[in-house]
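Letters A, B, ... are given to chains in the order of the sequence lines, protein chains preceding strands, and every chain is numbered from 1. Bear in mind the structure is a predicted one, so any value in this text is a computation, not a measurement. The figures that follow rest on heavy atoms only: side chains count, while hydrogens, waters and symmetry mates do not.
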Number of protein chains: 2
Amino acid sequence: MTYNGILTPKTAEQMHLLMKVALGEEKADLTIVNAKVVNVYTGEILPDLGVAIKDKWIAYVGENAGDTIGPHTEVIDAEDQTVIPGLIDGHTHIAWMFTAAEFLKYAMVGGTTTVVTESLEPYPVSGYEGVSDFLESLKDQPIKILATVPAMVSISPAARQMPPDVLAKLLSRDDVLGLGESYWQAVLQEPTQLLPRFEQALACGKTLEGHSAGARDKKLAAYVSTGISSCHEPINAAQVLERLRAGLHIMVREGSIRRDLAEIAKIKNTGIDLRRLILSTDGVEPRDLVEKGYMEYVLGKAIEHGFDPVAAVQMATLNVAEHFGIDGLVGGIAPGRYADLVVIPDVRTIEARVVVSNGKIVARNGKQLVAPRRHDFTEQSLNSVRLPRQMRASDFIIDTVDDSDRVNLRLINMVTDLVTSELETQWPVIGGQIGPDIDQDVIKIAAIDRTHNPGRKYVGLIKGLGLKSGAMACSAAWDTSDIVVVGSNDEDMAAAVNRIHALQGGAVVSENGEILAELPMPIFGIMSDLPIESIVRRLKEIKTVVSNLGVPYPDPLLTLITLTGAAIPYLRICEEGLVNLKDGKTVELVVS
Amino acid sequence: MTYNGILTPKTAEQMHLLMKVALGEEKADLTIVNAKVVNVYTGEILPDLGVAIKDKWIAYVGENAGDTIGPHTEVIDAEDQTVIPGLIDGHTHIAWMFTAAEFLKYAMVGGTTTVVTESLEPYPVSGYEGVSDFLESLKDQPIKILATVPAMVSISPAARQMPPDVLAKLLSRDDVLGLGESYWQAVLQEPTQLLPRFEQALACGKTLEGHSAGARDKKLAAYVSTGISSCHEPINAAQVLERLRAGLHIMVREGSIRRDLAEIAKIKNTGIDLRRLILSTDGVEPRDLVEKGYMEYVLGKAIEHGFDPVAAVQMATLNVAEHFGIDGLVGGIAPGRYADLVVIPDVRTIEARVVVSNGKIVARNGKQLVAPRRHDFTEQSLNSVRLPRQMRASDFIIDTVDDSDRVNLRLINMVTDLVTSELETQWPVIGGQIGPDIDQDVIKIAAIDRTHNPGRKYVGLIKGLGLKSGAMACSAAWDTSDIVVVGSNDEDMAAAVNRIHALQGGAVVSENGEILAELPMPIFGIMSDLPIESIVRRLKEIKTVVSNLGVPYPDPLLTLITLTGAAIPYLRICEEGLVNLKDGKTVELVVS
């Protein structure tokens, strides 16, 4: 079991204090009485119990909690109400356009008290210092935010260099529980690159978080044999079952990337042991967070989709704590655990009336009572768009090298709003150049490195985005340090990128030289410093504007920024070229 | 999660090799085909599966294991048979008169492949060096033997000194998973002594193994609030339920100390989640080990008492691995785990046909195929009876200090064969001395320190042992470095102790100056170097002889050596005096 600066093991004095409170010799700081308590260890709902809290911990759970109440003890009468452990999200991406402080405003009032977040986003941009700065922003918050560190699976060679000593520094951190999601294809394709990182992580006693989308049988076994111990990628009950059987902890996603609960809930009909099934979000975008909520929404959905409510609570608490080996400290209501708990009306109604985190009441009836800490990011983190000069329209011209009047092109072809395929097609060369064709829904796409080799770029073509006019660009391009931009014309592409340069990061939509909508993201170029409500409003504006320009997808910005991602099939782009994820090879626009 | 020298995390090269075998690119060393596999993660029995093994690990589990078979692959056809994970005993005392090599002859052929043993026995006698030597004897064996280190709860002040740096050295060992059983009374009575040790263990990421016999409600909560995470002491379903609810992993004992399965099996009627219920032995004495077997016997009993067979297998594998945070390496049949598994006829018939440990076939049809390693103990370990001189009968005389002809005595009173009470009674003083009274079944008892203050002793009286003639002594006195001796007369007591001195440890029965039976135990004075079959024979002789002398108990030697123990209520003896475990206070024979 690994402990950390945030999940600190108790000192002898703290243990002694808890003992005295349990014995009634000292009084509790906070005691909840008359509660129905969901016991995640036995899977029971136990009536008429009290929970006595001292400092950050639970000292006593039982029928005699009255004896822990003194003149200075705050008492919560939970008559007719139910208490569940604070919810845990075992896999998320906090760096989703907002800062941790803004995220917490919504996450903690809903009853989430522990979050395990990936920290990979700042790495391609700002390296170790960026990840450190990001991790610092997660510390000393009203709830516990733990992290997994970047496995650095990227299609951009510049973004996947992590020297072993840098990884060692990150793995030695107390707030780091594991090595973050390592896409299975990369592990099978480049074992000599990734397996030494796995060895480092396991030797430090940290977990290896998996990402086995689409793998099965032999390939899945090969991947799991390395020591990978979780996966959050299965999308149906059969995939979950195969992975549970392989000994993985499975995180079911109900977040902004995917909503798999309805489909995966069918697994309850198999009658199998669900101890390794976990609820998670894999990230929630600002609007979902504000409008739907966080883990309390996911838990509610799980119950709605037919999971036994107590089993569902286990899936959002104990099961995930067990996966990370922190179940002695969080994930259940028992003596010695952190006092993280939520008072709800009843086990089928996941609405937080009172949220207790680290022994303090942090929220009541949806109202935040403790302010999250705001972090001052470093100058380096705030200046991550280092393009050497303004972009010009001519930067996006695609010249051909020979003098044929037709070439075979390799297009990125949109299959869904996120999945792409590789499409080969004959294409005219006009004036020695390859251009878009709006009628065929083919426009230009470029990925421009902004930190490693600033200005280095690759320009290709993409089919099926629907954009008929203008350009859209964003510096929060997944897994890389790139600005990704798509456009119907070179001028608008240059204007959008230049505006991002001026903002030091952001999402921008331009048309005819005018900026139609924008969201500044000056932190690493991937996170906004605005209040989350403003972020939501600006994202809505972007969506409206881009929809008006013809893009039919539910979240056009997400569609854009995932085009550099290393996890979603198949043809992607980075500053080096197009990359086919089937084999990880970089390929050119013109098929030779 | 903590790994260790015995449960070694894999290197990158080893991971790569397993990947290749899973993919069919390299061939397996050993492949089991056509098996029904008990999947402990999902609680299923899956038909027609193969398990491919390379080096020490499982590379693949599935329907296509045939692809891992090459010309040099050993193949086991498990047609019509079932494969379960190698069994794990999560709490035992290997130092039970025999050496690890002798223990393994029987333990491993039955299908046990991982053992977590207490290492407390050598500590009172030989300190850190003794524990180290003992732990060395457990290494490099055909199965994995891991340890918990002494919490040093002893009624003897000499035996409970463990400087923090010594504990730190032990806790830093890779083969140490936790701090051993810490009796709850001692923790509540002497928090300032024990809690700093707890703090040390938790800070090292090790578990705190509990021992909460008889504790409930507030006292149990106080104990658990320190971070204790297991208990192997509950004796009925209600006690188990209270402890599971408190978040503990509960080890159900079916060994030579207690057999609680029949009673505790009633918990299955509650329908609660059994994920934290564990089967264990708490130690098996030589005859039980030879005649009944080891964990396969316990598992069989659990099924016999009505536990669902798959749930019972989980209780002897995954559940215990999860408790210690080693479930990524042992406790299930999945890629990347150690290849520890047992072929049995079917899940209701726990009879090991083939035992695979660390990827090697170590036993087949009850026949051991690999010899355990024999350890050469150090000279210090082999010379632990350091009495300064021969004992004389006069050493056992109890003089009174005043001249009354009657005194109030405090007798150890046998309640069961193990439990004692404190009995106050008027007693005649004859010639200034206090003597035994065979008619009232009151005889002398003495505890003599043999290492710390060699020769320091305390002589008291005990009622209810039944011994009518002669004396019985043993150097394996629980939790202390004492020789404990009871006798109807001082001469036989001296003779028995002197014989132990000559043997450098052992159990001896004497009568009229003659040695009637004996078992030499020259290793720390607590373990015999004889083959286990000889140990069994000699113990039977001792039992026969002592029964003939009048002792009615099933295991008179166990009754004797537990009289110095700190765990079994209530009145005990050590070289300092009588100790009442209710308050841990040392008291005198004569009530003042």
Side-chain angles (χ1 to χ4, degrees), chain A residues 1-3 9-12 15-16 18-19 22-24 39 41-44 46 57-64 67 188 191-192 195-196 198-199 202-203 205 207 217-219 221-229 241 244-247 272-273 275-276 314 322 325 328 332 334-337, chain B residues 1-3 9-12 15-16 18-20 22-24 39 41-44 46 57-64 67 188 191-192 195-196 198-199 202-203 205 207 217-219 221-229 241 244-247 272-273 275-276 322 325 328 332 334-337:
Chain A
M1 215 172 301
T2 307
Y3 298 104
K10 286 180 280 293
T11 64
M15 294 174 191
H16 199 175
L18 293 186
M19 279 177 46
L23 295 169
N39 189 301
Y41 308 108
T42 59
E44 300 170 291
L46 300 169
W57 298 281
I58 297 170
Y60 173 83
V61 183
E63 292 168 0
N64 296 303
D67 298 351
L188 266 65
T192 53
L195 296 181
F198 285 15
E199 181 181 333
L202 291 180
T207 65
D217 195 42
K218 294 176 185 178
K219 287 175 179 170
Y223 184 57
V224 175
S225 74
T226 63
I228 288 282
S229 60
L241 190 57
L244 288 175
R245 286 172 175 169
I272 62 156
D273 195 332
R275 71 209 281 179
R276 296 196 162 215
Q314 289 175 318
E322 287 187 341
R337 269 65 170 180
Chain B
M1 214 173 301
T2 306
Y3 299 105
K10 286 180 280 295
T11 64
M15 294 174 191
H16 199 174
L18 293 186
M19 278 178 47
K20 286 187 210 160
L23 295 168
N39 189 301
Y41 308 110
T42 58
E44 299 170 293
L46 300 169
W57 298 282
I58 297 170
Y60 173 83
V61 183
E63 291 168 0
N64 296 304
D67 298 349
L188 267 63
T192 53
L195 297 182
F198 286 15
E199 181 181 333
L202 291 180
T207 65
D217 195 42
K218 295 176 184 179
K219 287 176 179 169
Y223 184 57
V224 174
S225 74
T226 63
I228 289 282
S229 60
L241 190 57
L244 288 176
R245 287 172 174 168
I272 63 156
D273 194 332
R275 71 209 281 178
R276 297 197 160 214
E322 286 187 341
R337 269 64 170 180

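Atom CG in Leu46(A) sits 8.0 Å away from atom CG in Leu241(B) (nearest 0.5 Å). Taken to the nearest 0.5 Å, the CZ atom of Arg276(B) stands 10.5 Å off from the OG1 atom of Thr42(A). In this structure, Lys218(B) NZ and Asn64(A) CG are separated by 5.0 Å, a value rounded to the nearest 0.5 Å. Distance CG/Leu188(A) to NZ/Lys20(B): 12.0 Å, rounded to 0.5 Å.
Ranked by heavy-atom pairs under 4.5 Å with chain A, the list Gly247(B), Gly332(B), Gly336(B) is led by Gly247(B). In terms of non-hydrogen atom pairs under 4.5 Å with chain B, the most contact-rich of Ile228(A), Asp67(A), Ile58(A) is Asp67(A).
Taking every heavy atom of both residues into account, Pro335(A) and Ala246(B) meet most closely at CD-O, 4.1 Å. In this structure, Ala12(A) and Pro196(B) approach most closely via the heavy-atom pair CB-N, 3.6 Å. Taking every heavy atom of both residues into account, Leu18(B) and Ser225(A) meet most closely at CB-OG, 3.6 Å. Closest heavy-atom contact between Arg275(B) and Gln314(A): NH1-NE2, 3.4 Å. Closest approach of Leu244(B) to Tyr41(A), counting heavy atoms only: O-CB, 3.3 Å. Between Arg337(A) and Val224(B), the closest heavy-atom pair is NH1-CG1, 4.4 Å.
Only the side chain of Pro191(B) comes within contact range of chain A, with at least one heavy atom under 4.5 Å from a heavy atom of that chain.
Residues Lys10(A) and Leu202(B) have side chains not in contact (no heavy-atom distance under 4.5 Å, counting atoms from C-beta outward). Counting heavy atoms from C-beta on, the side chains of Thr226(B) and Met19(A) come closer than 4.5 Å.
In this structure, the side chain of Asn39(A) engages the main chain of Arg245(B) through a donor-acceptor pair within 3.5 Å.
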